[in-house]
Amino acid sequence: MRAYVLGFHEVDRTRIRDVGGKGANLGELSRLEGIRVPAGFCVSTEAFKRVMGEASSLGELLDRLSRLKAEDRDGIRELSAEIRTIVEGTAIPEDVQDAIARSLAGLGEQAAYAVRSSATAEDLPTASFAGQQDTYLNVIGKPAILEHIRRCWASLFTERAVTYRIQHGFDHRKVHMAVVVQKMLFPQAAGILFTADPVTSNRKVSSIEAGFGLGEALVSGLTNADGYKVRNGQLIEKTIATKKLATRALEEGGTEERAIEPERQNRPVLTDEQILRLERLGRQIERHFGHPQDIEWCLVDDDLHIVQSRPITTLYPIPDAGDQGNHVFLSVGHQQMMTDPMKPLGLSLFQLTAAGRMLAAGGRLFVDATKQLASPASRDALLDLLGRSAPLIKDALSAIIERGDFIEPLPNDPAASRPGQGKQGVAVAGFDAQVEDDPAIVADLIERSQAALEELKRDIRTRTGTALFDFILEDTQRTKKSLFDPRSMGVIMAAMNAYWWLNEKMMAWLGEKNVADTLSQSVSNNITSEMGLELLDVADVIRPHPDVVAYLQDVKHDGFLDELVELDGGREARDAIRAYLHRYGMRCAGEIDITRARWSEKPTTLVPLILSNIKNFEPHAGKRRFEQGRQEALQQARALLDRLRQLPDGEQKASEAQRMIDRLRNFIGYREYPKYGIVNRYFVYKQALLQEAERLVQASVIHDVEDIYYLTFDELREVVRTQQLDDQVVSKRKAEHELNKKLAPPSVITSDGEIVTGAYKRADLPAGAIVGLPVSSGVVEGRARVLSDMADAVLEAGDILVTAFTDPSWTPLFVSIKGLVTEVGGLMTHGAVIAREYGLPAVVGVDSATRLIRDGQRIRVNGTDGYVEILT
């Protein structure tokens, strides 16, 4: 028998399908000792489905609605309004009305009630539909309650709710609406309690907002609220607002906003004792649900009542360090310029090749910097390096250290500052290996890397089954050893130190700012900048053949290379693209994640870039561009040396500067090579693992080869060994990955869940300037092209690229732009290195750049002083 009405005592969180998130949570709360919940019942989703089923015209309207996209605003507005009208006008069946009437009789039919929507997709840990459906207060009498139940059902189809479902992939037909009917309270105060600070995400700080009367004026923003913060049972912050309005109930039903008497406007809403009691209730509720909560409460006389509790869905998960101590975690993705979430296979393989322990949270990797920060020697080395390369992170860490009570200091350890210490993937703090100023070192490192890669390709062919996994595991250890070889790291650090030395000394001696940026142009052995220039050479091959160009403009599938040979010039075009892919086809956006589609697997990714190069450049532009940058660097070097010789001790200064210029130009290009080497090896691993996946598909162990992306390396090895896998594992991991996509990863997060951000400390900037980190000198104006995906790039010569981050795969775009702005990055991250190589003014670490700057606006980028101005 269908249950159209269920009392709170009949439901718990297992009944979300029947009573929605709000109803299920209220049922849970009503069972907790010491928690007061106003009495009530739920009109179940069965009643909603019954009504929807009796409105025959809704089926066709829902079909039309399901075909709309989020940007189809007019269509959403018209269809949703039509559906709401039908739902509100549909009569509630007699048996449903009778069930509601029986529940009202038990509670008091003439009492006042709150009638609240409770959808099956709201108040979930994975989605927040809060505030999208309707709530009605002080509803009196059965006819009014029935009317407002229909309105709640109809509110499932507000424009906002429909758009949210479309954006987050919820099927309109699979989200149902229950309605909570709850006895109305008439409190002197009400508000919201967050058991994690909504500003900092600190899980140990509860944040309370409180206002007089009902909570509606506060929630709707009509009045200011008192703010209280509690940590570990102690009131740590109290802000008393001027509260001019309160929502009050009317005798005949409904509510109104009334002015608060002037003498009460600045009184605290809650006493200290009530604040602490409320915080304890919040912690009890949080423990019960196992997740930080957003709780609506009200105060009647001196009794606290809970009218709603939902999970806070916006909190970033905390990396698990394995103990209860205080920890500080730094994001690996912010240094790798890939802050998108990684799938489990990608995460686990990256961890295998990392120098130290990395912890996964929210699909991203973090390192625990607590020990480095606790020891004075290693802390100073780390902060010094971050001060030069990532000042925002240094500022955040300094703020934590200055508190004095979070990181327990260790005795000074001289060993912490010895060469080779502190290389846990965060920074090479203290690494200062000595290398000779011999360019042959770089050539030898590259030759060794290539030889090892060819050996890997040869040896992996004979491995299958669990033997393949054992072989890859052994190879990752060899790879790790080569990545952190003292000579390799020494070359990189020598180049970075030369960069910093030149900037500091030339500023001190000549008053010249950021000279190393120009000196870094067109250096040798920069595999990533060569990749961008060589795609210009590919365009040169294709440009003379109009049939090939026309064909490429309509390419939609990745098998197009074989079809090119039928066109005039097609064979040459195919061979040029294949040669490019042979060298660079293992690259792609987000390439540190082995599961991402490589250019060799999806060559259509390169087509818009090739067409852009054909359109925007003349033949041989790559060689001319490299030579122009080389000449600019050499001219600046000569000019600096000439000026230095005019100074006291000028010959000595010039000699030192010449040595550092040579070191910079000989070694800085190698900065990009180790990542190129590891990405090459990842692609070899991937191809071998996909062959194993094909065998698992053939054996019906998995449904699709890409299912292996949602297993860790060790889990996949076990599946290959046992030939067994629970289907739920993959589906659960896919859902988790979709959730991770919605999270914004922090660069610094503590074990309390607190997200700590730094701030640029610079004055004398133009009014309205957006501040960032200057990483490549020069000032340029142009049209902003705001991109989230390289595949969407349609560039004109002279555009300025604005994006969240760039990894090496974005380099082919750099030849077409004349400036760069990114939201994350540092002085030595990919985008900065290549911007200097190409002579592009660049500012990175610009918080919310893709939101503050609109596509098509004219902007000015000052890469010398580190700010962006919006001109139009």
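Residue numbers count from 1 along this sequence.
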By salt bridge (Lys or Arg N to Asp or Glu O under 4.0 Å), which residues pair with E256, not counting sequence neighbours?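 Testing E256 for salt bridge (Lys or Arg N to Asp or Glu O under 4.0 Å), a comparison that skips the adjacent residues, returns R258.
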Apply salt bridge (Lys or Arg N to Asp or Glu O under 4.0 Å) to R277 and list each qualifying residue two or more places apart in sequence or on a separate chain.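 Expected list: E273, D302.
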Heavy-atom side-chain contact between [X] and [Y] under 4.5 Å:
X    : Y    : value
I76  : T163 : yes
I306 : L32  : no
R248 : E257 : no
Q308 : N25  : no
I208 : L278 : yes
P187 : L214 : yes
L245 : F212 : no
L104 : I100 : yes

Do other residues, nucleotides or ligands put more than 12 heavy atoms under 6.0 Å from the [atom1] atom of [X]?
X    : atom1 : answer
E251 : CD    : no
K244 : NZ    : no
R854 : CZ    : no
K761 : NZ    : yes
E252 : CD    : yes
Q324 : CD    : no
R73  : CZ    : no

Heavy-atom pair of closest approach, residues [X] and [Y]:
X    : Y    : answer
M52  : V87  : SD-CG2, 3.9 Å
C42  : G23  : SG-CA, 3.9 Å
G362 : P317 : N-CG, 3.5 Å
A361 : F366 : O-CE1, 3.7 Å

Is the side chain of [X] donor-acceptor paired with the backbone N or O of [Y] at a distance under 3.5 Å, no angle test?
X    : Y    : value
Q167 : A70  : no
R283 : T195 : yes
T370 : V328 : yes
E296 : S309 : no
Q293 : E286 : no
N138 : L250 : yes
E279 : S206 : no
D18  : S44  : no
K243 : R267 : yes
E823 : A849 : yes

Scan side-chain atoms only and decide if S747 and S331 contain a donor-acceptor pair under the 3.5 Å cut-off.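 Checked: S747/S331 side chains show no N/O donor-acceptor pair below 3.5 Å.
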Do D12 and T14 have side-chain atoms, one donor and one acceptor, less than 3.5 Å apart?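 Yes - a donor-acceptor pair under 3.5 Å links their side chains.
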Can you name the residues that form a side-chain hydrogen bond (donor to acceptor under 3.5 Å, both in side chains) with Y316, not counting sequence neighbours?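 Residues passing side-chain hydrogen bond (donor to acceptor under 3.5 Å, both in side chains) with Y316: none at all.
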Set of side-chain hydrogen bond (donor to acceptor under 3.5 Å, both in side chains) partners for K204, sequence neighbours left out: D752
Would R165 and F157 count as a cation-pi pair here, with the cationic atom under 6.0 angstrom from the ring centre and within 45° of the axis? yes
Assess R116 against Y136: is NZ or CZ under 6.0 Å from the centre of the six-membered ring, and within 45 degrees of the ring's axis? no
If you round to the nearest 0.5 Å, how far is [atom2] of [Y] from [atom1] of [X]?
X    : Y    : atom1 : atom2 : result
R151 : S155 : CZ    : OG    : 11.0 Å
L29  : I35  : CG    : CD1   : 7.0 Å
D340 : L743 : CG    : CG    : 12.0 Å
Y760 : D847 : OH    : CG    : 8.5 Å

With ring pair (Phe, Tyr, Trp, His ring centres under 6.0 Å) as the rule and sequence neighbours excluded, what pairs involving residues 4-28 come up? none
So if I apply the side-chain contact (heavy atoms from CB on, under 4.5 Å) rule between V180 and each of V115, L26, V307, V43, which one comes out positive? L26
Identify all side-chain donor-acceptor contacts of residues 232-241 below 3.5 Å with residues at least two apart in sequence or on another chain.
{"residue": "K238", "atom": "NZ", "partner": "D272", "partner atom": "OD1", "Å": "2.6"}

